[in-house]
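What follows is a single structure, written as C-alpha cells, with notes after it.
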Amino acid sequence: MKLAVNDARVAVVDPVDEILPVRSMLTLGLQHVLVIYAGVVAVPLILGGALGLEQPQIVILINCNLIIDGLATLLQTPGSGGSVHGCR
C-alpha cells in the first residue's frame, strides 16, 4: 500500500529574521532606546562620582559617551548592504 504525500513546503523563518507587528516593533524599539540611554548616562555618572570629578567634567564625560555611542550605532547600521561592519 502506497501513501500519497503532499509535497507542500512550509517556509520556516528563523526567529531572528521574523518581522514583528508594528506595535510590537515600536514598543520594543522604545524600550531599547530607553535602556541604552540609561546605560550610556548611568556609567559616566557613577564613574565620575567615584573619581571625584566636578559637575562640568561629568557633563563632558556624558556628552563624550553619547557621541561615541552614536558613532558606534552608525557604524553598525549599514550591515545589510554587503558591508563588513554591522549586523545582517
Co-members of L66 in a cluster of I, L, V, M, F, W and Y side chains, linked at under 4.5 Å: I36, Y37, V40, V41, L45, L47, L51, L53, I58, L61, I62
side-chain contact (heavy atoms from CB on, under 4.5 Å) against I60, all qualifying residues, sequence neighbours excluded: C64
Transitive ILVMFWY cluster of L34, excluding itself - 4.5 Å side-chain cut-off: L30
